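Step one of this worksheet: look at the structure below.
FYI, side chains are in, hydrogens and waters are out, and symmetry mates aren't considered; it's all heavy atoms of this structure. Given the structure is predicted, the values throughout are model-derived calculations rather than measurements.
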Amino acid sequence: MGIYLNPGNEQFAVSVNSELYVDKTELIKYTNSRIGKDRPLICSSRPRRFGKTMAVTMLAAYYSKGCHSEKLFAEFKISQNEFFKKHLNKYNVLLLDIQWMYGNALEEMKRNPYIKVVSYIQEQVIGELKKEYSECVQDTDISLPSVLANINAMTKEQFIIIIDEWDCLFREDKNNEKLQKEYINLLRGLFKGAPSGAFLKLAYITGILPIKKYGTQSALNNFREHTMISPRQMAEYVGFTEIEVKHLCKEHGMSFKEMQRWYDGYFFETIGHVYSPNSVVEAIDSREFGNYWSRTETYESLMTYITMDFDGLRQLIVDMLGGLRCRVDVESFQNDITSFNSADDVITLLIHMGYLAYDNSAKEVFIPNEEVRSVFLRAIKNDGWDEVIKAVNASEELLKATLSMDERAVEQMIQEVHMQNTSSLVYNNEISLSSVIMLAYYSACKDYVLIREMPAGNGFSDMVFLPKRTSSKPALVLELKWDKTAEGAISQIKNKKYVSALKEYKGNILLVGINYEKKSKKHQCRIEKHEM
């Protein structure tokens with residue numbers, strides 16, 4: 001049993017002994033299904049705080065010859081699987097935490113500047129292999145793929161290679177192309193074709209980024225990739241499911257409705273709602289709902305990316321802060337943090353980092369929940385977004401005025417938001433008007449789901465604010481007019497029967513008409529209760 005070769009199960013044992021452990025052991029069913037098959041290579045990329053390291057230590061505890069884990073898994077779901085014992089602690093495992101090894105290499109470089117990171121990683125692992133396979137490893141060996149190939153040739157033994165934070169070098173040393181190419185060449189030697197096919201039983205690598213693309217081809221295009229955009233068979237193991245969160249809330253006496261408001265929002269078609277494991281655990285452990293996201297290292301990156309001056313990026317962020325979903329092309333992203341060519345590339349990176357959620361069927365992106373929304377606000381607060389922050393701060397009062405049907409107050413508040421945002425949100429038509437309205441009603445996102453251009457009756461309603469499951473507030477149907485009248489907006493809602501789209505909604509409904517007069521640069525508002 002070593003640090004890298006055939007590690008023990010102590011780390012996983014600490015996790016399962018926690019009172020907040022959630023059983024994700026059936027992930028092993030999927031990894032077992034790839035053993036002995038073509039392309040037994042799995043890459044699972046997901047944000048920090050989404051259980052990557054937990055999965056890695058679990059797989060090492062299950063497969064490693066360096067421990068006995070039958071009792072450790074006995075109470076969990078995987079123990080009921082017919083192939084549970086077939087693969088249990090049967091394999092040579094190499095477990096590499098690239099971030100930890102990179103940190104150690106940097107420390108060594110302080111003492112010896114001639115040390116190279118990729119060479120250091122290989123030397124550390126080869127050193128352990130030499131102790132176990134002294135007859136197969138020579139003192140002059142410096143290539144890890146070659147060493148593994150020699151061991152396999154002489155002993156016929158194979159290896160399961162598990163890598164945590166596989167993309168660390170691309171994130172931590174993002175401008176060092178020489179280092180990155182050396183690292184990619186190491187990964188190619190381990191995973192891409194002969195002779196790796198002989199010594200490799202299974203590979204599981206995990207990080208934040210999908211595998212980097214070079215031109216039109218991936219450097220390691222034989223991996224089966226599972227991402228926040230397309231989790232595929234890994235969807236159930238990316239985060240906590242809604243059923244799991246409900247159980248935790250009941251077990252620990254926490255409000256499930258508040259848990260939803262703060263941490264719900266990610267959604268995969270095959271399993272439904274997904275929650276960030278770390279946020280849920282932190283909230284239960286501290287008995288307090290709040291923002292646990294900014295304590296991660298990727299928070300600083302968010303401030304860098306959202307201030308990039310790509311055409312339309314700023315407006316997309318403002319729209320999503322207001323609750324809108326935005327179309328995005330995720331295909332051009334090169335899976336690194338330097339090759340940005342468009343706003344879509346930055347948005348796609350933020351999906352992989354967990355700052356945005358992605359609806360694969362609609363190809364739309366949005367801010368998932370209150371926790372992440374608060375992180376965005378903090379990131380822009382001191383970075384030249386003053387007009388946006390003022391509008392956000394005033395939005396709570398605007399919503400209160402709307403719900404109390406104070407038409408004059410609503411007119412005045414929207415007018416102020418317009419004046420504050422003339423530099424970045426100049427009115428040209430109803431589309432730009434709707435952008436300002438969305439920003440003005442920012443705080444409504446806490447209690448409402450916004451549906452823009454909702455098919456309703458004999459047309460499309462401009463905006464519908466549908467109360468979340470956690471809210472008791474009335475629904476709002478907003479119609480916007482440009483150089484017409486607020487009364488005309490209310491009449492259109494009625495005449496075109498927009499409210500019919502809410503026939504399954506059983507609560508109260510307010511009709512809100514807002515008009516902007518271009519000549520006077522004034523807003524008018526009319527609000528009526530809808531009689532069911």
task = Would you confirm whether Ser64, through its side chain, and Ala61, through its main-chain N or O, come within 3.5 Å as a donor-acceptor pair?
result = no

query = If you look at every heavy atom in Gly354 and Pro368, which pair is closest and at what distance?
reply = O-CG, 4.4 Å

message = Is the distance between the ring centroids of Tyr204 and Tyr63 under 6.0 Å?
response = no

task = Would you check if there is a donor-acceptor pair between the side chains of Asp23 and Thr25 at a distance under 3.5 Å?
result = yes

Any Lys24 side-chain heavy atom under 4.5 Å of Met54 side chain = no

ask   = Backbone N or O of Ser374 within a donor-acceptor pair of the Asn291 side chain at under 3.5 Å?
value = no

query = Aromatic rings Phe73 and Phe12: how do their planes relate, parallel, tilted or perpendicular, breaks at 30° and 60°?
reply = parallel

inquiry  = I'd like to know if the side chain of Asn92 pairs up with that of Tyr133 as donor and acceptor (distance under 3.5 Å, no hydrogens or angles considered).
reply    = yes

ask   = When rounded to the nearest 0.5 angstrom, what distance separates CZ in Phe240 from CG in Asn278?
value = 9.0 Å

inquiry  = Less than 4.0 angstrom from a charged side-chain N to a carboxylate O is my criterion; do Glu331 and Lys363 meet it?
reply    = no

note = dist Lys85:NZ -> Glu70:CD (nearest 0.5 Å) comes out at 4.5 Å

ask   = In Å and rounded to the nearest 0.5 Å, what is the CD1 to CD1 distance from Ile317 to Ile347?
value = 4.5 Å

task = With side chain to side chain contact (heavy atoms under 4.5 Å, CB included) as the test, would you mind laying out the steps for Ile142 and Gln122 before giving the verdict?
result = CA-CA 7 Å; Ile142 60 174; Gln122 295 185 86; over 6 Å; no

query = Is there a donor-acceptor pair under 3.5 Å between the side chain of Asn152 and the backbone N or O of Glu157?
reply = yes

key: Stepwise side chain to side chain contact (heavy atoms under 4.5 Å, CB included) check, Leu129 with Phe159   = CA-CA 11 Å; Leu129 289 167; Phe159 294 82; 4.0 Å; yes

task = Please work out which of the three classes, parallel, tilted or perpendicular, describes the rings of Phe267 and His273, given edges at 30° and 60°.
result = perpendicular

query = Hey, are Glu371 and Arg49 close enough for a salt bridge, meaning a charged N less than 4.0 Å from a carboxylate O?
reply = yes

inquiry  = Are Glu370 and Glu258 packed together at the side-chain level, in the sense that at least one heavy-atom pair is separated by less than 4.5 angstrom?
reply    = no

message = Working to the nearest 0.5 angstrom, can you tell me the gap between Leu5 CG and Lys130 NZ?
response = 14.5 Å

query = Without hydrogens or angle criteria, can the side chains of Tyr292 and Ser286 be said to hold a donor-acceptor pair below 3.5 Å?
reply = yes

task = Please report the C-alpha distance between Tyr102 and Tyr183 in whole Å, then the side-chain angles of each, then the deciding distance to 0.1 Å, and finally whether the ring pair (Phe, Tyr, Trp, His ring centres under 6.0 Å) criterion is met.
result = CA-CA 11 Å; Tyr102 175 63; Tyr183 180 54; 9.7 Å; no

inquiry  = Quick one about Tyr62 and Thr31 (side-chain donor to acceptor, distance below 3.5 Å, no hydrogens or angles considered), yes or no?
reply    = no

inquiry  = Quick one: does any side-chain atom of Arg46 pair with a main-chain N or O of Tyr237 as donor and acceptor, under 3.5 Å?
reply    = yes

query = Does the pair Glu132 and Glu128 meet the rule for a side chain to side chain contact (heavy atoms under 4.5 Å, CB included), with working shown?
reply = CA-CA 7 Å; Glu132 186 70 21; Glu128 285 199 4; over 6 Å; no

query = Tell me, do Glu26 and Phe76 make a side-chain contact under 4.5 Å, heavy atoms counted?
reply = no

ask   = Can Thr348 and Val328 be said to form a side chain to side chain contact (heavy atoms under 4.5 Å, CB included), step by step?
value = CA-CA 8 Å; Thr348 304; Val328 63; 4.2 Å; yes

key: Test: Lys116 and Glu123 ion pair at under 4.0 Å   = no

ask   = Which atom pair, heavy atoms only, marks the closest approach of Val372 to Tyr355?
value = CG1-O, 3.2 Å

ask   = Closest heavy-atom contact between Leu95 and Ala60?
value = CD2-CB, 4.0 Å

ask   = When rounded to the nearest 0.5 angstrom, what is the spacing between CG in Asp285 and CG in Leu20?
value = 6.0 Å

ask   = Looking only at heavy atoms, what is the nearest atom pair of Leu209 and Asp167, with distance?
value = N-OD2, 2.7 Å

Gap separating the CZ atom of Arg232 from the CD1 atom of Ile42, nearest 0.5 angstrom = 10.0 Å

request  = Give a yes or no answer on whether the side chain of Arg327 reaches the backbone of Ala362 with a donor-acceptor pair at less than 3.5 Å.
outcome  = yes

key: Closest approach of Met259 to Cys249 (non-hydrogen atoms, all atoms of both residues)   = CE-SG, 3.7 Å

ask   = Is there a donor-acceptor pair closer than 3.5 Å between any side-chain N or O of Asn222 and the backbone N or O of Arg39?
value = no

